[in-house]
Amino acid sequence: MDWVLGIETSCDETSAAVLQGRYVRSSVVASQADLHARWGGVVPEAAARQHVERMNPVLQQALDEAGIPLARIEGIAVTNRPGLVGALVVGLACAKALAFALNIPFVGVHHLEGHLYSAFLTEPERPIPFPHLAMIVSGGHTELVKVHGHGDYQLLGHTLDDAAGEAFDKVARLLELGYPGGPAIDRWAKRGDPNAFRFPRAWLEGTHHFSFSGLKTAVLRTVEALPKPLSEQTLADLCASFQQAVVEVLVRKAVRAAQAEGVSVLTVVGGVAANSALQTQIREACHEAGIEVLIPPPRYCTDNAAMIALAGWFRLKRGERDDYDLDACASAPLA
Amino acid sequence: MYLLALESTANLAGVALVHSGKLMGAVQIAHGQNLSGNLLHATEWLLNRHGLSREAIRAVAVDVGPGAFTGLKIGVMIAKTLAHALNLDLVGVSAFEACACVMPEGTPTLVALPARRDALYVQWLLPKPIPEPLSQPAMVLQHALSAWLEQTTPAREGCQAIGSPRARGWLEPLMPALRWRMIEAPPPEGVAQVGWVRWQAGERTSPFQMVPFYLQPPSITPPGTRARTP
């Protein structure tokens with residue numbers, strides 16, 4: 001099993017990637033962010049329709065950039081859970097039809113398993129270190145996972161309410177900074193004082209869980225009490241202070257979990273892993289704690305098919321196969 | 001010269017096979033959850049029954065709608081991908097054409113298919129190898145059907161209709177003279193027949209261009225707002 005095609009359509013990115021073993025030969029992502037920005041968030045039916053329009057051109061572009069014909073593909077990896085069902089079924093239908101047409105095997109991949117592998121896309125020569133700890137931080141997830149081996153995952157902690165990225169999006173909407181909220185807050189925060197406002201941190205001591213809904217409400221109450229319109233400096237201070245509250249919790253809880261589990265490698269993956277403050281602070285904290293931290297480049301933090309292809313390649317190599325009865329699931333635990 | 005036809009716009013997954021203009025076979029299966037899998041299972045079964053490999057297929061026709069949004073996307077996605085991967089000719093057929101083409105020729109035909117809970121997809125056509133439209137395709141709310149019929153009906157007498165039980169239940173009181181044929185889903189053999197004639201006439205759609213015929217925009221509830229009811 002050499003050439004593997006990855007397909008990812010779980011939310012609002014239509015993506016295809018070609019891997020040769022562990023080497024990424026192409027990774028194409030057609031983002032719909034501009035389309036959904038006008039609605040302030042992802043509209044599931046609109047996202048699914050876009051996938052139907054873009055899937056074949058994106059697939060062909062991935063093949064062209066990899067420089068191989070479709071006939072060379074030996075296996076397919078496709079995200080089949082969790083996500084927007086209407087969006088997932090489009091990528092899944094494409095994968096099954098390709099498997100049928102080319103008479104090659106395919107496997108369904110858990111979207112979060114893809115994120116777990118995203119930290120290892122840029123170093124294909126390096127054996128994947130086991131066990132390691134992964135912090136998945138995105139618009140839909142905030143989870144600490146101990147990775148014992150390929151396909152062997154232990155969920156240590158998760159968010160009890162909002163995901164970290166969801167908190168970013170909601171605060172950005174409150175402050176009218178546009179969608180997606182994460183990059184907007186990151187930009188504003190660079191000009192603000194992270195100590196200007198004292199927002200609460202939910203530590204949930206004795207557990208590896210997270211909670212961000214209280215923080216989101218605290219920002220709301222603070223904004224309500226401020227004179228309008230907010231000055232640019234106040235806006236920047238709010239962003240910096242909110243971001244600092246999220247980052248501090250993520251950094252400290254990740255390092256503590258790594259120490260408690262005795263692992264020496266931490267990966268930080270998912271869209272929020274692209275946040276500049278999180279990157280700086282988690283690198284510092286891990287350096288002090290003697291933990292190696294791996295963060296994928298921004299193109300592999302957000303949803304992409306390369307990570308799905310890599311997770312699928314390991315599964316296909318182990319002989320795993322799915323059949324046409326594989327279905328899409330809106331929610332599914334990783335472990 | 002085999003053409004494969006796919007139909008998935010209602011709650012049955014339909015597949016048909018045509019060879020040199022002759023219908024070789026058609027299957028419809030209740031698909032439950034796994035529509036894409038059942039379309040491929042049915043295709044495989046039909047090919048095996050005729051001792052054919054997938055390389056024998058030279059063209060694929062697909063019902064592009066209107067119909068159930070998810071079914072439509074899956075059917076179109078599978079057809080486009082088969083065409084893309086096997087370098088097949090791709091032909092789109094509307095759900096209205098697929099239904100009208102199985103009715104007796106020369107009689108104005110109303111096609112009425114379920115849309116949302118309160119509406120139907122409707123069009124008048126004249127059945128022919130490629131049915132001729134006698135009205136624009138439309139989604140019409142139940143309470144507006146009477147006015148729509150008023151404007152579009154080609155003749156008060158001698159018309160026929162094909163459609164779902166709900167469509168008949170709503171339309172029969174408004175137009176008792178219609179002779180009905182009841183269907184659960186557009187017939188895959190209709191997709192196959194119209195698709196074959198189009199294909200022979202040299203019509204093709206690129207798998208990079210084909211989009212489903214939704215006839216309805218996506219309903220949008222912006223995040224953070226809830227649709228309020230009085």
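Protein chains get the first letters and strands the later ones, always in sequence-line order, with residue 1 at the start of each.
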Trainee: Counting only heavy atoms not in A/E320, do more than 12 sit closer than 6.0 Å to its CD atom?
Mentor: yes

Trainee: What part of B/L6 is in contact with chain A, defined as an atom under 4.5 angstrom from a non-hydrogen atom: side chain, backbone, both or neither?
Mentor: neither

Trainee: Do B/R166's NZ or CZ and the ring of B/W170 fall within the cation-pi criteria of under 6.0 Å and 45°?
Mentor: yes

Trainee: Test A/Y324 against A/F100 for side chain to side chain contact (heavy atoms under 4.5 Å, CB included), laying out the working first.
Mentor: CA-CA 9 Å; A/Y324 298 145; A/F100 174 87; 3.3 Å; yes

Trainee: Quick one: of B/V76, B/L40, B/V211, B/L86, who has the most non-hydrogen atom pairs under 4.5 Å with chain A?
Mentor: B/L40

Trainee: Which one of A/I73, A/D325, A/L70 has the most heavy-atom pairs closer than 4.5 Å to chain B?
Mentor: A/D325

Trainee: Can you tell which of A/M55, A/R54, A/Q60, A/H36 has the highest number of heavy-atom pairs within less than 4.5 Å of chain B?
Mentor: A/Q60

Trainee: Looking only at the side chains, is there a donor atom on one of A/E8 and A/S10 sitting less than 3.5 Å from an acceptor on the other?
Mentor: yes

Trainee: Could you tell me which of A/D323, A/L92, A/N103 has the largest number of non-hydrogen atom pairs under 4.5 Å with chain B?
Mentor: A/N103

Trainee: Can you tell which of A/V52, A/L102, A/V90 has the highest number of heavy-atom pairs within less than 4.5 Å of chain B?
Mentor: A/V52

Trainee: Mind checking whether A/T79 and A/L88 have side chains closer than 4.5 Å, heavy atoms only?
Mentor: yes

Trainee: At a heavy-atom distance under 4.5 Å, which candidate from B/L82, B/N38, B/L88 has the highest pair count against chain A?
Mentor: B/L82

Trainee: Which of the residues B/M210, B/Q209, B/M77 is involved in the greatest number of heavy-atom pairs with chain A at under 4.5 angstrom?
Mentor: B/M77

Trainee: Are there residues of residues 49-70 of chain B that reach to under 4.5 Å of chain A by heavy atoms, and which ones?
Mentor: B/R54, B/F69, B/T70

Trainee: Any Lys/Arg nitrogen of A/E166 or A/K170 sitting under 4.0 Å from an Asp/Glu carboxylate oxygen of the other?
Mentor: yes

Trainee: For A/V42 and A/C11, what are the C-alpha separation, side-chain angles and deciding distance, and is it a side chain to side chain contact (heavy atoms under 4.5 Å, CB included)?
Mentor: CA-CA 8 Å; A/V42 176; A/C11 190; 4.1 Å; yes

Trainee: Between B/Y214 and B/M139, is a side chain to side chain contact (heavy atoms under 4.5 Å, CB included) present by the stated rule, with each step listed?
Mentor: CA-CA 10 Å; B/Y214 297 106; B/M139 187 186 78; over 6 Å; no

Trainee: Quick one: does B/Q193's side chain have a donor or acceptor within less than 3.5 Å of a partner on B/P129's backbone?
Mentor: no

Trainee: By a 4.5 Å heavy-atom criterion (distance strictly below it), what part of A/L98 contacts chain B: side chain, backbone, both, or neither?
Mentor: both

Trainee: Would you please indicate yes or no on a ring centroid separation below 6.0 angstrom for A/F242 and A/F168?
Mentor: yes

